[in-house]
Protein chains: 2
Amino acid sequence: MDDPSLQQAVATFEEFLRAERLKMTGQRRQMVRAALDQRGHFTAEELYQRLVREGESVSMATVYRGLRLLEDAGIVEGHDFADGQRRYERALQVEHHDHMVCVDCREVIEFRSEEIEKIQKGIAEEQGFDIEEHNLTLYVACRNWRKTGRCARREERERQGKRKD
Amino acid sequence: MDDPSLQQAVATFEEFLRAERLKMTGQRRQMVRAALDQRGHFTAEELYQRLVREGESVSMATVYRGLRLLEDAGIVEGHDFADGQRRYERALQVEHHDHMVCVDCREVIEFRSEEIEKIQKGIAEEQGFDIEEHNLTLYVACRNWRKTGRCARREERERQGKRKD
DNA sequence: ATATCTGCAAATGTTTTGCACTTTT
DNA sequence: AAAAGTGCAAAACATTTGCAGATAT
């Protein structure tokens with residue numbers, strides 16, 4: 001509630017809303033809070049469920065509409081991991097990165113390569129383009145999974161008691 | 001009809017089907033033909049429309065079911081360009097490449113970077129993973145588009161008479 | 001006051017599925 | 001004959017939208 005980075009995010013969002021002549025509402029404020037507090041990547045449904053669980057009064061429609069605004073405002077960033085549901089993650093104070101997704105456990109691992117970024121930029125420029133955004137996702141299998149048909153990390157997590165991280 | 005690469009694709013598909021104890025049918029044969037003949041990237045709907053236009057007897061359900069098989073057999077490759085529709089392209093005798101998609105005209109430009117591939121592999125291996133597949137898509141804007149709000153290539157295509165390439 | 005929001009339910013668009021019938025093997 | 005494939009219409013999903021009433025500026 002008195003998290004300074006939350007304060008900053010709310011301020012950023014208010015500024016964005018003002019510029020667009022939109023309004024700050026309880027639902028939107030709660031979405032900012034919940035989205036920042038969510039660790040890792042989350043879907044619209046997950047954010048909605050969380051808000052409901054916390055007793056907030058909000059609907060799926062509002063969550064979808066709000067996520068679009070949060071994304072436009074740069075509070076969250078949306079990704080498409082090709083599984084039919086858009087995923088979001090906080091974008092404020094987070095340096096840009098790409099993703100690896102385990103094809104078995106769906107765990108998302110972040111990574112960053114200055115070198116790849118640079119090459120990408122060069123390739124686009126060769127063709128006269130500017131990159132607006134990009135998606136680099138590696139779909140990976142743990143080595144152990146290839147051999148055993150099971151994912152080491154998933155098993156590890158299960159062993160630790162299924163807290164859904 | 002006597003395209004050797006079509007013959008090869010059909011043979012490859014038949015082999016795949018046999019191994020899976022599935023059957024070759026007229027619809028599936030027509031799908032292979034049409035898919036290979038389709039230039040660029042196409043959606044399930046586009047392939048279906050084409051087959052219908054050509055007078056083939058096929059349904060959307062069969063196209064969807066067939067595309068999954070064609071993909072599993074390595075005849076086509078599916079991509080998700082985050083616009084809500086899966087796109088396919090022929091995968092036989094085509095070297096691996098990544099994509100740039102113009103955010104305005106949606107044109108798809110292919111490119112290839114040995115260097116990026118190498119770095120990706122290294123990054124995954126550092127974490128103990130093997131890459132099963134990957135998606136590298138640059139969403140780009142023509143420089144001209146940034147200035148004028150219109151896409152140079154789109155205009156060029158429109159000027160040339162709207163043949164949908 | 002007035003423009004914007006919200007929730008609801010209905011609509012959307014893509015892809016999948018159940019089922020009765022047809023075709024391959 | 002048995003197993004698999006097909007078309008149809010219905011279902012499934014994630015996401016969007018129209019609208020009437022509620023709320024922020």
Side-chain angles (χ1 to χ4, degrees), chain A residues 10-11 13-32 34-35 41-52 54-73 76 78-88 106, chain B residues 10-11 13-35 41-52 54-73 75-76 78-88 106:
Chain A
V10 171
F13 196 34
E14 280 173 336
E15 193 182 329
F16 167 85
L17 292 172
R18 208 173 309 121
E20 303 276 327
R21 275 182 207 64
L22 302 177
K23 294 168 180 170
M24 178 52 94
T25 66
Q27 284 87 337
R28 290 177 181 174
R29 215 183 313 270
Q30 289 307 317
M31 283 187 66
V32 174
H41 300 73
F42 57 93
T43 62
E45 178 71 32
E46 284 162 356
L47 188 63
Y48 169 68
Q49 289 301 340
R50 174 185 179 144
L51 288 167
V52 168
E54 293 175 343
E56 300 301 338
S57 163
V58 66
S59 68
M60 269 306 288
T62 295
V63 168
Y64 274 111
R65 287 189 275 232
L67 276 172
R68 207 184 309 176
L69 296 176
L70 287 186
E71 197 171 2
D72 289 348
V76 302
H79 303 292
D80 195 340
F81 294 146
D83 69 340
Q85 257 171 301
R86 194 165 177 75
R87 321 228 153 219
Y88 299 85
R106 287 268 139 194
Chain B
V10 170
F13 197 33
E14 278 172 339
E15 193 182 330
F16 168 84
L17 292 173
R18 207 173 310 120
E20 302 276 328
R21 275 181 205 63
L22 303 178
K23 294 167 181 170
M24 177 53 93
T25 65
Q27 284 87 337
R28 289 178 181 174
R29 215 183 314 271
Q30 289 307 318
M31 282 186 68
V32 174
R33 181 190 55 71
H41 300 72
F42 57 93
T43 62
E45 177 70 31
E46 283 162 357
L47 188 62
Y48 169 68
Q49 288 301 340
R50 174 184 178 145
L51 289 168
V52 168
E54 293 175 343
E56 300 301 338
S57 164
V58 65
S59 68
M60 267 307 287
T62 295
V63 168
Y64 274 109
R65 288 188 274 232
L67 276 171
R68 209 184 308 177
L69 295 177
L70 286 186
E71 197 170 2
D72 289 349
I75 312 283
V76 301
H79 303 292
D80 195 340
F81 294 147
D83 69 340
Q85 255 171 301
R86 193 165 178 76
R87 319 227 156 221
Y88 299 86
R106 287 268 138 194

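Quick note on labels: first sequence line is chain A, next is B, and so on, each numbered from 1.
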Distance-only donor-acceptor hits, side chain of residues 57-67 of chain B, under 3.5 Å, sequence neighbours excluded:
from	atom 1	to	atom 2	distance (Å)
B:Ser59	OG	B:Thr62	N	3.3
B:Ser59	OG	B:Thr62	OG1	3.3

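- If you take CZ of A:Arg29 and P of D:dT23, they are 15 Å apart, rounded to a whole angstrom.
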Contacts under 3.5 angstrom, residues 78-87 of chain A side chains, donor-acceptor by atom type, not counting sequence neighbours:
from	atom 1	to	atom 2	distance (Å)
A:His79	NE2	A:Glu89	OE2	2.6
A:Asp80	OD1	A:Ala82	N	3.0
A:Asp83	OD1	A:Gln85	N	3.4
A:Asp83	OD2	A:Arg87	NH2	2.6
A:Arg86	NH2	A:Glu71	OE2	2.8

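- Closest of all the heavy-atom pairs between B:Asp72 and B:Phe16 is CB-CZ, 3.6 Å.
- Using five terminal pairs a side, the axes of the helix from C:dA1-D:dT25 to C:dT25-D:dA1 at its two ends make an angle of 30°, given in steps of 10 degrees.
- In this structure, the side chains of A:Met24 and A:Arg29 come closer than 4.5 Å at one or more pairs of heavy atoms.
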Problem - Footprint string (nucleotides 10-21 of chain D, 5' to 3'): B base within contact, S backbone only, - free, heavy atoms under 4.0 Å - result: ----SBBBB---
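- Note that the first and last nucleotides of DNA chain C, 5' to 3', having any atom under 4.0 angstrom from a heavy atom of chain B are C:dT14 to C:dT25.
- Judged as a salt bridge (charged side-chain N to carboxylate O under 4.0 Å, His left out), and not counting sequence neighbours, B:Glu20 has no contacts.
- Comment: A:Arg50 does not engage A:Glu46 in a salt bridge, judged by the lack of any side-chain N to carboxylate O separation of less than 4.0 angstrom.
- Looking at every heavy atom in both residues, B:Arg28 comes nearest to B:Leu17 through NH1-CD2, 4.0 Å.
- Considering CZ of B:Arg33 and CD of B:Glu54, their distance stands at 4.5 Å, rounded to 0.5 Å.
- Checking B:Leu17 against B:Tyr48, the closest nucleotide of DNA chain D that is more toward the 5' end is the one next to B:Leu17.
- With a 6.0 Å radius and a threshold of 12 heavy atoms from other residues, nucleotides or ligands, B:Gln49 has its CD atom above the threshold.
- Spacing between atom CG of B:Leu70 and atom P of D:dG5 amounts to 13 Å, rounded to whole angstrom units.
- Across every non-hydrogen atom of B:Ala35 and B:Leu47, the tightest pair is N-CD1, 3.8 Å.
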